[in-house]
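Nothing fancy with the numbering, it's 1 onward along the sequence.
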Amino acid sequence: MENVYYIARLLTSDQLWFTILQAVILITLIFTGWIDLTRGKSAIVTRGKESRDSFAVWAGAIITLLISAVFQITSFPAKHKVFFYLFDLIAITYLCFYSSWFTNFLVSLKINFEKREY
């Protein structure tokens with residue numbers, strides 16, 4: 001029974017989920033940076049106001065809901081919180097405003113959501 005309690009505590013710990021969140025952000029950043037570097041700029045797309053506004057909404061939602069909430073809810077990490085927060089802020093800003101692959105991914109999510117039948 002003690003092992004089950006230990007596993008449950010481990011799976012619900014702030015340390016585990018904070019580490020997973022940071023890993024997802026870092027892997028996404030590396031993946032999109034690699035795609036952006038290897039594909040190059042074959043075409044320049046000028047985004048309209050609506051899609052640029054949707055990028056700002058996505059960035060705000062990700063930063064507010066995921067990053068800021070995590071830092072408010074948990075005391076982990078006890079040290080270097082400013083570093084992690086700034087890293088996350090810079091990563092999300094790059095992904096939502098400068099990465100061509102990720103912005104195209106966000107546009108496709110929006111289009112698929114708008115086409116969805118209720």
> Are Ile20 and Ile62 joined in one hydrophobic group, where the rule is that I, L, V, M, F, W and Y side chains link up if heavy atoms are under 4.5 Å apart?
Replying inline: no

> So which heavy atom on Gln22 is nearest to which on Phe84, and how close?
Replying inline: OE1-CD2, 3.8 Å

> Which pair of non-hydrogen atoms, one from Thr28 and one from Val24, has the smallest distance, and what is that distance?
Replying inline: OG1-O, 2.7 Å

>> If I compare all heavy atoms of Ala56 with all of Phe97, which pair ends up nearest, and what's the gap?
In response: CA-CZ, 3.7 Å

> Between Thr32 and Leu95, which heavy-atom pair has the shortest distance, and what is it?
Replying inline: OG1-CD2, 3.0 Å

> For the residue pair Leu26 and Phe87, what are the closest heavy atoms and their distance?
Replying inline: CD1-CZ, 3.7 Å

>> Would Tyr94 and Asp36 count as a side chain to side chain contact (heavy atoms under 4.5 Å, CB included) here? Give the steps.
In response: CA-CA 11 Å; Tyr94 169 75; Asp36 289 341; 2.8 Å; yes

>> Surrounding CH2 of Trp101 (heavy atoms of other residues, nucleotides or ligands, distance under 6.0 Å), is the total greater than 12?
In response: yes

> Are Leu29 and Phe31 connected, step by step, through hydrophobic side chains (Ile, Leu, Val, Met, Phe, Trp, Tyr) whose heavy atoms are closer than 4.5 Å?
Replying inline: yes

> When hydrophobic residues are tied together by side-chain contacts of less than 4.5 Å, even through go-betweens, does Trp17 share a cluster with Ile92?
Replying inline: no

> Does Leu109 belong to the same Ile/Leu/Val/Met/Phe/Trp/Tyr cluster as Tyr98, with side-chain heavy atoms less than 4.5 Å apart forming each link?
Replying inline: yes

>> Please determine whether residues Ile30 and Ile35 belong to a single hydrophobic cluster, defined as Ile, Leu, Val, Met, Phe, Trp and Tyr linked transitively by side-chain heavy-atom distances below 4.5 Å.
In response: yes

>> Looking at Phe105, I want to see if its CZ is surrounded by more than 12 non-hydrogen atoms of other residues, nucleotides or ligands under 6.0 Å.
In response: no

> Considering all heavy atoms of both residues, which atom of Cys96 and which atom of Thr103 are nearest to each other, and what is their separation?
Replying inline: O-CG2, 3.4 Å

> If you round to the nearest 0.5 Å, how far is CG of Leu11 from CD1 of Ile7?
Replying inline: 7.0 Å

